[in-house]
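To start, the structure itself, in structure tokens.
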Amino acid sequence: MTEITLDNDLVSHDIIVIGAGLAGLRAAIEIHDMGMNVAVISKVHPIRSHSGAAQGGINASLGSDDSWEAHAFDTIKGSDYLADQDTVEVLCKEAPERVIEMENWGCNFSRRENGRVAQRPFGGAGFPRTCFAGDRTGHNLLHTLYEQVIKRNIRIYSEWFVTKLLVGKGRCLGCVAMNMADSKIVAFRSEATILATGGYGRIYQRSTNAIINRGHGISLAYNAGVPLEDMEFVQFHPTTLFGTNILITEGARGEGGYLLNKDNERFMERYAKDTMELAPRDIVARAIQKEVDEGRGFPGGFVHLDLRHLGKDRIDKRLAGIRQISVDFAGIDPVKKPIPVQPGQHYSMGGVSSDINGRTPMTGLYAIGECACISVHGANRLGGNSLLDTVVFGRRAGAAAVEHVRLSGREDEDVSLDVSGKMKRDEEKEIGDLMTGEGESFATIRDELQSVMQQYAGIFRNRQGLEHALEEISKLKKRASKLKVKSRVKVFNLELMNALELKGMLELGHVIIMGALAREESRGAHYRTDHLERDDENWLKHTLAYKDEEPRLEYKAVNIGMFQPQKREY
Ligand SMILES: Cc1cc2nc3c(=O)[nH]c(=O)nc-3n(C[C@H](O)[C@H](O)[C@H](O)COP(=O)(O)OP(=O)(O)OC[C@H]3O[C@@H](n4cnc5c(N)ncnc54)[C@H](O)[C@@H]3O)c2cc1C
């Protein structure tokens with residue numbers, strides 16, 4: 001099938017990819033190269049996707065004394081044994097091929113003296129296996145994939161905002177999207193749809209994520225009846241710049257940076273004596289927060305990340321972006337002074353439940369990258385494994401979607417035309433209602449949501465706090481059901497987009513809190529001060545949350561393979 005425009009209101013492609021970060025672009029390239037017509041829809045220009053902000057690097061066992069098995073072991077131990085071991089095996093086995101492919105496509109990785117791709121140590125890894133392009137790895141990878149997309153002439157609907165998935169007879173038939181330039185609503189019909197919409201960091205107050213990371217794609221799937229998996233596992237990065245929470249890459253510690261409290265102590269000795277600053281993120285984030293909570297941090301709530309001993313040359317060569325961020329946003333030059341850092345929300349381990357080929361339980365719908373839970377990261381992701389996840393499962397989902405379309409044909413043409421027309425009209429009505437009359441604005445409700453999530457569903461959690469959060473979310477949802485958009489403009493109405501996204505953010509917050517309340521144990525990034533131990537007997541299982549008035553929770557077994565769960569020590 002070639003691209004057809006039936007009329008102005010209905011566009012049709014074989015496969016539609018929603019999201020133009022690394023996951024979405026990699027999937028689109030695979031689909032195109034397998035001979036099918038594909039289009040990518042993105043609410044921002046592709047190279048503004050959050051993937052471009054990734055700093056530290058991408059993991060692959062390239063070294064002759066490293067192996068995919070060692071990478072898999074580190075990933076599974078890092079996940080606190082919640083990752084599915086069959087999917088981790090695929091991630092680690094395919095890593096070298098994907099990274100070399102990116103290199104062949106032109107990604108300018110940093111090099112060793114002998115010309116080979118350089119690799120730096122990263123948290124929780126038993127081997128220096130993180131490939132990097134200075135401290136701007138995501139920027140380089142994203143530009144490389146974008147060039148490949150341009151070369152192939154793949155159709156991109158840039159600055160189009162997807163508002164709903166089209167669903168008929170239990171199948172995903174495409175989506176409804178709004179052209180942000182004129183607010184026109186169009187139905188996109190497709191035989192397969194791939195969600196690659198990234199994370200939801202901005203439901204928290206302190207986050208390293210771009211402000212576009214609002215988890216909207218995850219809520220689209222949830223609202224269409226697809227379960228969300230392991231949403232209670234939210235990663236807090238140990239080192240974000242105090243004040244703005246811009247990420248200070250783990251690569252800074254990988255290059256040899258120290259963490260110091262106000263007494264000038266390298267306090268990680270108390271928490272992870274063997275790996276120190278390079279323990280996994282959940283452990284380092286908790287350690288920093290504990291130092292601060294117990295009065296050993298600096299006033300305001302931060303500790304120091306000291307790079308001075310690395311020297312100007314090394315900082316400029318390996319951490320140029322970090323130096324610039326520190327100077328521009330904190331007025332501190334790390335060559336001369338330590339950087340003030342505090343933990344901040346960073347990554348969503350949970351997401352749309354999907355399998356080893358990105359397939360969700362809904363026929364025709366796939367999910368990949370940060371919006372998905374495949375699950376390779378389990379209860380805690382290792383640094384460098386997310387960029388890898390995007391390209392490995394982006395390619396696989398692209399291929400699986402092509403196979404699906406080849407086998408399933410286009411038998412539901414009539415159904416899909418009916419559904420497209422109806423959903424487009426429903427959407428126009430919903431948006432029209434939002435823009436009629438007076439009511440509360442999205443902004444106050446969003447601020448309160450962020451504060452509730454930060455306070456009660458953060459690094460440390462307990463029953464009392466989570467129950468309180470649940471009550472607060474219910475109140476916020478009630479208020480949001482009556483919110484209104486004041487701006488009536490048709491051209492880039494960002495207030496309208498914010499209002500639409502807020503409703504999804506509240507759903508995700510609700511699911512995270514419900515999952516965190518139910519899970520009475522501490523595992524990886526989910527730390528309950530009233531249930532301090534990991535409980536494999538009762539909780540070595542994935543959470544699945546289904547849309548209902550209150551999210552309905554079910555559970556699913558973890559796929560254990562080569563590595564039996566052990567106590568996790570570093
Ligand atoms: C500051 C920072 C640094 C990081 N550093 C590293 C690192 O060094 N190594 C590592 O492995 N990981 C790192 N990560 C994590 C990693 O970068 C991300 O998890 C990954 O890049 C996500 O890619 P993605 O393709 O899934 O989504 P994204 O790159 O977030 O792209 C999402 C896409 O979805 C589109 N979209 C979303 N909603 C809609 C909608 N409703 N309609 C239309 N389009 C929509 C957006 O326009 C965008 O194109 C970092 C993350 C951050 C925040």
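As the structure lists them, so they are numbered: ligands from 1, and atoms in each ligand from 1. Numbering of residues begins at 1 and proceeds along the displayed sequence.
Nearest protein heavy-atom contact of atom 42 (N) of ligand 1 is Val162 N, 2.9 Å. Of the protein's non-hydrogen atoms, the one nearest atom 2 (C) of ligand 1 is His50 NE2, 3.5 Å. Protein heavy atom at the shortest distance from atom 10 (C) of ligand 1 is Leu387 CG, 3.3 Å. Protein heavy atom closest to atom 47 (O) of ligand 1, with residue, atom name and distance, is Ser42 OG, 2.8 Å. For atom 23 (O) of ligand 1, the closest heavy atom belonging to the protein is Ser51 OG, 3.0 Å. Annotation: atom 4 (C) of ligand 1 to nearest protein heavy atom, Ala54 CA, 3.3 Å. Residue, atom and distance of the protein heavy atom nearest to atom 16 (C) of ligand 1 are Ser386 OG, 3.5 Å. Among all protein heavy atoms, the one lying closest to atom 14 (N) of ligand 1 is Arg381 NH2, 3.9 Å.
Within the listing of ligand 1, atoms 1 (C), 53 (C) sit less than 4.0 angstrom from a heavy atom of Thr208. Those atoms of ligand 1 with a heavy atom of Gly384 less than 4.0 angstrom away are 9 (N), 10 (C), 11 (O). In the vicinity of Asn385, heavy-atom distances shorter than 4.0 Å reach the ligand 1 atoms 11 (O). With ligand atoms numbered from 1 in the order given, ligand 1 contributes 26 (O) to contacts under 4.0 Å with heavy atoms of Gly369. Contact atoms of ligand 1 toward Ser49: 29 (O), 31 (O), 48 (C), 49 (O) (distance under 4.0 Å to a heavy atom of the residue). Remark: ligand 1 atoms within the under-4.0 Å shell around heavy atoms of Asn209 are 53 (C). Every atom of ligand 1 with a heavy atom of Tyr347 under 4.0 Å away is listed here by number and element: 19 (O).
Side chain of Asn493 to backbone of Leu496: a donor-acceptor contact under 3.5 angstrom is found. A donor-acceptor pair is defined here as one N or O able to donate and one able to accept, closer than 3.5 Å; no such pair exists between the side chain of Arg395 and the backbone of Ala27. Checking side-chain atoms of Glu495 against main-chain N and O of Val485 turns up no donor-acceptor pair under 3.5 Å. Not one N or O on the side chain of Lys164 forms a donor-acceptor pair closer than 3.5 Å with the backbone of Asn223. Looking at Asp84, its side chain never comes within 3.5 Å of a backbone N or O of Thr87 through a donor-acceptor pair.
Taking a 4.0 Å cut-off on heavy atoms, Ile58 fails to register as neighbouring ligand 1. Under a 4.0 angstrom heavy-atom cut-off, Glu250 registers as lying outside contact with ligand 1. Under a 4.0 Å heavy-atom criterion, Gly383 is not in contact with ligand 1. Residue contacts with ligand 1 leave out Arg48, since none of its heavy atoms falls under 4.0 Å from the ligand.
Proximity of Val44 to ligand 1, defined as any heavy-atom pair under 4.0 Å, is shared by backbone and side chain alike. Under 4.0 Å from ligand 1, heavy atoms of Thr197 appear from its side chain as well as its backbone. Only the backbone of Trp160 comes within 4.0 Å of ligand 1, judged by heavy-atom distances.
For ligand 1, the polar-atom distance check against Thr390 finds no nitrogen or oxygen pair separated by under 3.5 Å. Between Leu388 and ligand 1, a contact under 3.5 Å exists for no N or O pair. An N or O contact shorter than 3.5 Å links Leu22 to ligand 1 by distance. At under 3.5 Å, a nitrogen or oxygen of Ala20, whether backbone or side chain, sits near a nitrogen or oxygen of ligand 1. In terms of polar-atom proximity, Gly57 is counted as a contact of ligand 1, with an N or O under 3.5 Å from an N or O of the ligand.
When ring centroids are compared, His216 and Phe161 come within the 6.0 Å threshold. For Tyr347 and His377, the ring centers sit closer than 6.0 Å to each other.
Of the listed residues (Ile154, Asn37, Val17), just one forms a side chain to side chain contact (heavy atoms under 4.5 Å, CB included) with Ile31, and that residue is Val17.
Pairs passing the ring pair (Phe, Tyr, Trp, His ring centres under 6.0 Å) check and including a residue from residues 178-197, sequence neighbours excluded, read Tyr157-Phe188, Trp160-Phe188.
Taking both residues in full, the closest heavy atoms of Met349 and Gln235 are given as CE-N, 3.5 Å, listed atom of the first, atom of the second, then distance.
For atom 33 (C) of ligand 1, the nearest non-hydrogen atom from the set Gly198, Ala196, Ser348 comes from Ala196.
Annotation: the span from Asp135 atom CG to Ile325 atom CD1 amounts to 7.0 Å, rounded to 0.5 Å. Atom CD of Glu147 and atom CG of Leu142 lie 10.5 Å apart (nearest 0.5 Å).
Thr240 is linked by a side-chain contact (heavy atoms from CB on, under 4.5 Å) to Thr208, His237, Asn245, Gln342, counting only residues two or more places apart in sequence or in another chain.
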Please walk me through it: do Arg26 and Ile29 pass side chain to side chain contact (heavy atoms under 4.5 Å, CB included)? CA-CA 5 Å; Arg26 185 62 192 83; Ile29 290 170; 3.9 Å; yes

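Looking only at atom types and distance, the side chain of Asn498 has a donor-acceptor partner in the side chain of Arg446 under 3.5 Å away.
Put simply, the side chain of Ile431 reaches to within 4.5 Å of the side chain of Leu500, judged on heavy atoms.
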